[in-house]
Enquirer: 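Let me give you the structure first, and then I'll get to my questions.
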Amino acid sequence: MLDFSYHMPVKIIWGQQIIVKEGANLKRFGRKAAIVTGKTSAAKSGALADIVAVCGKNGHSFQVFNSVKNDPPTGNVIDIALEINQFKPDFLIAIGGGSVLDAAKVIAILLTNGISLDTIWQSPKNKPLPLVVVPTTAGTGSEVTPYAVLTDSVSETKKSVATELIYPKLAFLDSSYTDSMPIDVTVNTAIDALSHLLEGFFAKRANNMSDIYAIEGMKLLAKAMPSLSKGEFTANCREYLLAGSLFGGLTIAKTGTTLVHALGYSLTYFHELAHGKANGLLLGAYLDYINKSLPQKVMLAVNTLGFAELSGLQTFLSELYTVKLDLTTREIALYVEKALRTSNIENTPGQMSGYVLADILERSVN
Ligand code: NAP
Ligand code: FE
């Protein structure tokens with residue numbers, strides 16, 4: 001049976017110098033803008049200067065809040081929401097990587113639903129403030145997803161807020177803002193995009209529409225894969241990476257993610273591995289597992305990414321990352337238990353079990 005059900009409410013505006021050209025689009029969100037960023041990347045990327053110039057031209061009053069941490073902890077998000085609340089903005093503009101975009105999504109909810117830890121994990125009663133996003137990394141696709149991932153010290157893991165209310169209203173996508181990413185951030189974020197495309201393509205919640213996005217995203221990413229190994233990135237390559245990331249987001253907006261993200265969260269929480277790197281370490285063994293139930297789909301993905309055999313893609317990944325964590329049996333059991341509690345596992349095809357997860361984890365990092 002065919003299934004093309006799909007929902008995407010984000011207005012995407014794509015191109016070089018697009019904020020300068022299309023900045024008038026901000027006018028409809030009100031007069032006062034809170035600009036949410038991390039420590040330095042919004043300025044380094046050039047996007048902050050462009051947003052500030054456009055806000056001036058449009059007559060918006062604005063204030064910059066630049067304290068979002070990587071893999072934002074819930075407390076960090078609450079603190080920033082309290083600060084922004086004093087300013088009483090009409091809308092938010094997030095400039096940064098997935099960490100900043102996700103923090104801003106949750107802040108937008110907190111500002112209209114009450115600022116507390118409980119609010120974060122409840123379904124929001126009131127509409128959040130409108131959110132405009134400017135990604136400066138090419139990986140999460142958060143600009144088009146209804147998810148925000150936060151670090152929760154209570155459950156000692158990363159947890160998602162998932163609601164259609166937190167889709168951004170508008171995303172400005174200009175790949176020149178990703179030029180300033182160091183090589184490691186470029187590689188890690190690209191591999192996160194790859195993970196979204198693969199996990200989304202194989203997920204139980206995939207349908208004909210998400211498959212179109214996944215395949216197109218793999219074609220786009222394939223053009224940039226050789227650069228990931230070399231660590232050299234042309235302007236064209238940056239554009240392909242941003243497009244691959246966008247298509248990863250368009251895919252998982254429908255499908256969600258699966259076991260790779262579920263296990264990867266523990267590698268980030270307990271071992272401080274960057275999100276994309278954590279996923280990249282797990283992808284090789286995950287693909288062997290998926291190949292048992294969906295061999296034709298795996299071969300289609302492998303070929304679309306520019307490899308003749310699955311082993312070619314696995315070698316590409318293992319050459320990017322050589323991390324050994326030597327996890328103890330106890331650590332493996334803990335991370336597996338945490339992954340099993342997530343909805344990602346139900347969304348993973350095949351015969352899922354704690355044993356399978358432990359095997360994938362052990363083969364990936366020990
Ligand atoms: P990130 O954590 O947002 O950023 C990583 C680092 O890169 C930060 O130190 C940041 O600096 C720096 N950076 C960002 N853009 C830069 C630029 N243009 N030039 C120089 N440095 C730059 O990394 P990310 O991979 O984009 O986001 C990861 C987060 O997104 C994780 O929490 C992950 O779980 C989440 N995620 C969300 C979704 C979703 O659908 N919502 C999907 C996948 C992953 P600053 O600190 O100065 O900003
Ligand atoms: Fe991700």
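Heads up: numbering here begins at 1 and tracks the sequence.
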Enquirer: Cluster question for you: counting only ILVMFWY and a side-chain heavy-atom cut-off of under 4.5 Å, with indirect links fine, are Y265 and I120 together?
Expert: no
Enquirer: Tell me the salt bridge (Lys or Arg N to Asp or Glu O under 4.0 Å) pairs involving residues 124-139, sequence neighbours left out?
Expert: none
Enquirer: Under the side chain to side chain contact (heavy atoms under 4.5 Å, CB included) test, which residues partner E216, sequence neighbours left out?
Expert: K219, L220, F247
Enquirer: Going through the checks in order, is the ring-ring contact (aromatic ring centres under 6.0 Å, His included) test met by Y6 and Y213?
Expert: CA-CA 11 Å; Y6 193 77; Y213 287 123; 5.0 Å; yes
Enquirer: With a 4.5 Å heavy-atom cut-off, do D50 and V134 have their side chains touching?
Expert: no
Enquirer: In this structure, are over 12 heavy atoms from other groups packed under 6.0 Å from K338 atom NZ?
Expert: yes
Enquirer: Please confirm whether the backbone N or O of G114 pairs with a side-chain atom of T119, one donor and one acceptor, at under 3.5 Å?
Expert: yes
Enquirer: For residues L242 and I95: do they belong to one hydrophobic cluster (side chain heavy atoms under 4.5 Å, members Ile, Leu, Val, Met, Phe, Trp, Tyr)?
Expert: no
Enquirer: Does the side chain of D288 reach to within under 4.5 Å of the side chain of R363, using non-hydrogen atoms?
Expert: yes
Enquirer: Might you confirm whether atom NZ of K159 has over 12 heavy atoms from other residues, nucleotides or ligands at distances under 6.0 Å?
Expert: yes
Enquirer: How long is the span from the NZ atom in K39 to the NZ atom in K69, to the nearest 0.5 Å?
Expert: 9.0 Å
Enquirer: In a check of side chain to side chain contact (heavy atoms under 4.5 Å, CB included) between I115 and each of L82, V77, I84, which one passes?
Expert: L82
Enquirer: Indicate, with yes or no, if F62 and I19 share a hydrophobic cluster defined by side-chain heavy-atom contacts under 4.5 Å among Ile, Leu, Val, Met, Phe, Trp and Tyr.
Expert: yes
Enquirer: Using a 4.5 Å cut-off on heavy atoms from C-beta on, say whether the side chain of S227 contacts that of L241.
Expert: no
Enquirer: Can a side-chain donor-acceptor contact be found between E199 and T257 if the only test is distance below 3.5 angstrom?
Expert: no
Enquirer: Consider only side-chain heavy atoms of I, L, V, M, F, W and Y, link residues closer than 4.5 Å, and tell whether Y147 and V132 are in one cluster.
Expert: no
Enquirer: Compare all side-chain heavy atoms of H261 with those of S195 and state whether any distance is below 4.5 angstrom.
Expert: yes
Enquirer: Could you tell me whether the side chains of T234 and N236 share a donor-acceptor contact shorter than 3.5 Å?
Expert: no
Enquirer: Can any side-chain N or O of S210 pair as donor or acceptor with the backbone N or O of A206 at less than 3.5 Å?
Expert: no
Enquirer: Mark yes or no for whether N347, through its side chain, and R205, through its backbone, hold a donor-acceptor pair below 3.5 Å.
Expert: yes
Enquirer: Decide whether Q16 and S175 meet the rule of one side-chain donor and one side-chain acceptor closer than 3.5 Å.
Expert: yes
Enquirer: Under 4.5 Å between any side-chain heavy atoms of D102 and K105, yes or no?
Expert: yes
Enquirer: Does the ring of F87 carry K32 above it, NZ/CZ under 6.0 angstrom from centre and within 45° of its axis?
Expert: yes
Enquirer: For atom OH of Y355, decide whether the heavy atoms of other residues, nucleotides or ligands shown that lie under 6.0 angstrom number more than 12.
Expert: no
Enquirer: Would you say the side chain of T178 lies within less than 4.5 Å of the side chain of T186, judging by non-hydrogen atoms?
Expert: no
Enquirer: Can you list everything that forms a side chain to side chain donor-acceptor pair (under 3.5 Å) with N113? Sequence neighbours excluded, please.
Expert: none
Enquirer: For the pair D192 (side chain) and H275 (backbone), establish whether a donor and an acceptor sit closer than 3.5 Å, ignoring hydrogens and angles.
Expert: no
Enquirer: Does NZ or CZ of K297 lie under 6.0 Å from the centre of the six-membered ring of F201, at an angle within 45° of the ring axis?
Expert: yes
Enquirer: Do D174 and S176 get their side chains close enough for a donor-acceptor pair, meaning under 3.5 Å?
Expert: yes
Enquirer: Is there a donor-acceptor pair closer than 3.5 Å between any side-chain N or O of N76 and the backbone N or O of S67?
Expert: yes
Enquirer: Are F270 and Y335, when compared by the centres of their aromatic rings, separated by less than 6.0 Å?
Expert: yes
Enquirer: For T348 and L259, indicate whether the former's side chain and the latter's backbone hold a donor-acceptor pair under 3.5 Å.
Expert: yes
Enquirer: Treating Ile, Leu, Val, Met, Phe, Trp and Tyr as nodes and any side-chain heavy-atom pair under 4.5 angstrom as an edge, say whether I51 and L170 lie in one connected cluster.
Expert: yes
